[in-house]
Every structure is written in structure tokens, then in C-alpha cells.
Amino acid sequence: MRGGVRILGIDPGLRSTGWGVVSFSHGRLQHISNGAIRPNPRHSDADRLTMIYQDLSAVIADHQPDFAAIEEIFVAKSVRSALRLGMARGVGILACGAAHLAVNEIAARAVKKAVVGTGTASKEQIQDMVARLLQVRACNADAADALAIAIAASNDAGKPAGIALRSAQSVPDDALSKAISQALARDDARQRGKT
């Protein structure tokens with residue numbers, strides 16, 4: 001029997017949709033799996049969206065998360081980019097809804113603040129902090145972002161599941177803060193041991 005609450009993080013994109021699954025139990029984070037869905041850019045949008053849906057559905061079936069979290073929509077550089085991102089995001093929400101999985105919506109700044117401590121963190125800072133917290137390197141930057149989304153959503157661990165889209169704007173609770181502090185202390189101790 002598995003322990004803890006499993007959370008699926010989704011970083012949507014038509015070129016690459018990152019996903020990551022973490023477990024949160026008794027103030028401890030554990031990496032379960034991560035990856036990225038990368039449809040062929042030469043295929044039609046319909047084919048690319050179908051691939052994202054099918055692959056996310058397979059991830060949900062394989063890892064059985066208790067709930068999911070997806071990055072909130074933001075203003076993109078162009079209307080066309082925003083619409084294309086919205087399509088991938090909608091397919092991610094659909095895959096969760098079809099699996100009767102509750103979905104939290106989290107703003108990118110809230111994810112950065114929860115994981116790194118500042119809402120203006122770079123992708124490199126997020127990747128580094130995810131690696132420190134979970135003791136694993138994500139397969140790429142999109143998967144690292146998805147793991148960061150799952151980590152930020154872990155402050156909602158234990159909330160009842162069901163098909164629901166709700167906003168999670170809060171910063172992490174004491175248990176997540178404690179898990180982050182423990183991971184940093186463990187990493188610092190390892191670094192001191194190498195020198």
C-alpha cells in the first residue's frame with residue numbers, strides 16, 4: 001500500500017507538456033515520476049492535442065494521483081500564443097476531468113514563490129531547487145516546471161478529490177516549508193562533505 005498523497009503537476013504547452021508526480025506525506029516530498037509529452041511540430045494541432053490527451057491519460061492511469069495541479073493561464077506574448085497555450089491547457093484539464101481527478105489552478109508566480117522563495121525565479125533556479133528537494137533531475141525544463149507545480153500544490157494535500165477547478169494562490173504551509181528546509185540542510189551537508 002502506498003503512503004502519502006500523490007499530486008500530478010502539469011506544465012501545458014503545444015510543443016511540450018511537462019508532467020511530474022510527487023508524493024507528500026508527513027511533511028516529506030518524494031519524487032514518483034516525471035516526463036514531457038512532445039508532439040511532432042509538423043503534425044496538425046488536432047493531432048498534437050490528441051497526443052497530449054492520450055499521454056496525460058496514460059500518466060494518470062499509471063501513477064494514480066489523488067489530485068492534479070496545472071499552471072494558471074497568463075498573458076502570452078501574442079494572442080495566437082495565448083490561444084495555443086489555452087488549447088493545451090484545456091486538454092490537460094480534460095484528461096484530469098475524464099479521470100475524475102480534481103484540478104488546482106496555480107499562478108506561475110505562486111509556484112516560483114512556493115518552491116524558490118521569489119515570484120521572479122528563473123527556470124534554472126526552479127530546476128535547481130526541484131533537484132534539491134526531490135533528489136532527482138527532471139528530464140527537461142518543462143518536467144521540472146511540472147514538478148514545481150506539484151510541489152507548490154502539496155499545500156492542498158489531503159483535500160477531497162472530485163472534478164473541480166479551483167484556485168490555489170496561497171504559499172506553502174508549515175509542512176512544505178519544513179520539507180524545503182530539510183532538503184536544503186541535507187544538500188548543504190552533502191556539499192560540505194565533498195569539500
Side-chain angles (χ1 to χ4, degrees), residues 4-13 16-36 56 59-60 63-75 85 88-89 92-93 95-96 101-162 164-187:
V5 175
R6 283 194 179 186
I7 305 153
L8 167 65
I10 302 169
D11 181 39
S16 177
T17 291
W19 61 269
V21 181
V22 301
S23 176
F24 186 72
S25 178
H26 306 293
R28 292 184 51 127
L29 288 166
Q30 179 184 359
H31 173 262
I32 303 299
S33 189
N34 73 84
L56 272 179
V59 166
I60 292 166
H63 298 292
Q64 297 292 303
D66 296 296
F67 69 94
I70 194 165
E71 191 170 85
E72 193 174 78
I73 197 102
F74 62 92
V75 177
L85 174 62
R89 192 170 171 278
I93 293 169
C96 293
L101 196 61
V103 182
N104 288 354
E105 184 177 32
I106 304 178
R109 288 183 64 86
V111 171
K112 292 175 182 180
K113 185 161 180 61
V115 175
V116 180
T118 175
T120 58
S122 69
K123 279 205 175 271
E124 292 77 20
Q125 288 173 308
I126 291 170
Q127 289 174 5
D128 182 56
M129 196 61 186
V130 165
R132 292 174 85 178
L133 287 171
L134 299 176
Q135 303 292 298
V136 68
R137 272 280 167 203
C139 76
N140 68 13
D142 298 312
D145 286 349
L147 286 168
I149 291 165
I151 291 167
S154 67
N155 64 329
D156 284 339
K159 287 188 177 177
L165 183 63
R166 50 190 192 269
S167 181
Q169 298 291 335
S170 60
V171 295
D173 63 9
D174 291 339
L176 179 57
S177 297
K178 183 179 175 184
I180 290 172
S181 296
Q182 288 172 342
L184 290 174
R186 181 180 62 236
D187 193 53

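Values reported hereafter were calculated over all heavy atoms of this structure, with side chains retained and with hydrogens, waters and symmetry mates removed.
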**Report entry** Exercise: identify the closest heavy-atom pair between V5 and F67
**Finding:** CG1-CE2, 3.9 Å
Report task. May I ask you to test the V21-H31 pair for a side-chain heavy-atom distance under 4.5 Å? Result -> no
Report task. Would you mind telling me which of L8, L147, V130, I32 makes a side chain to side chain contact (heavy atoms under 4.5 Å, CB included) with V22? Result -> L147
Requested in this report: Kindly give the heavy-atom pair with the smallest separation between G92 and L56, and that separation in Å.
Outcome: CA-CD1, 3.6 Å
Query raised in the report: Could you state the interatomic distance from CG (N104) to CD (E71), rounded to the nearest 0.5 Å?
Result: 14.0 Å
Query raised in the report: Looking only at heavy atoms, which two atoms of A144 and A138 are closest? And how far apart?
Result: N-CB, 3.4 Å
Query raised in the report: Does H63 offer a backbone N or O that forms a donor-acceptor pair with the side chain of R6 under 3.5 Å?
Result: yes
Query - Flag side-chain contact, heavy atom, 4.5 Å: L134 against I151 - result: yes
Query - Minimum heavy-atom distance G4-S23, with the two atoms named - result: CA-OG, 3.9 Å
Requested in this report: Measure across G119 and K112 and return the closest heavy-atom pair with its distance rounded to 0.1 Å.
Outcome: O-CD, 3.4 Å
Query raised in the report: Where do A150 and G9 come nearest, in terms of heavy atoms and distance?
Result: CB-N, 3.7 Å
Query raised in the report: Are D128 and R137 side-chain neighbours, meaning at least one heavy-atom pair lies under 4.5 Å?
Result: yes
Requested in this report: Check whether any side-chain heavy atom of C96 lies under 4.5 Å from a side-chain heavy atom of I70, and answer yes or no.
Outcome: no
Query - Value rounded to 0.5 Å, distance of CZ in R109 from OG1 in T120 - result: 6.5 Å
Query raised in the report: Can any side-chain N or O of N34 pair as donor or acceptor with the backbone N or O of C139 at less than 3.5 Å?
Result: yes
Query raised in the report: Roughly how far, to the nearest 0.5 Å, is CD1 of I60 from CH2 of W19?
Result: 11.0 Å
Query raised in the report: If we only count heavy atoms from C-beta on, is the I10 to I149 side-chain gap below 4.5 Å?
Result: no
Query raised in the report: Is there a side-chain contact between Q30 and Q135, using heavy atoms and a 4.5 Å cut-off?
Result: no
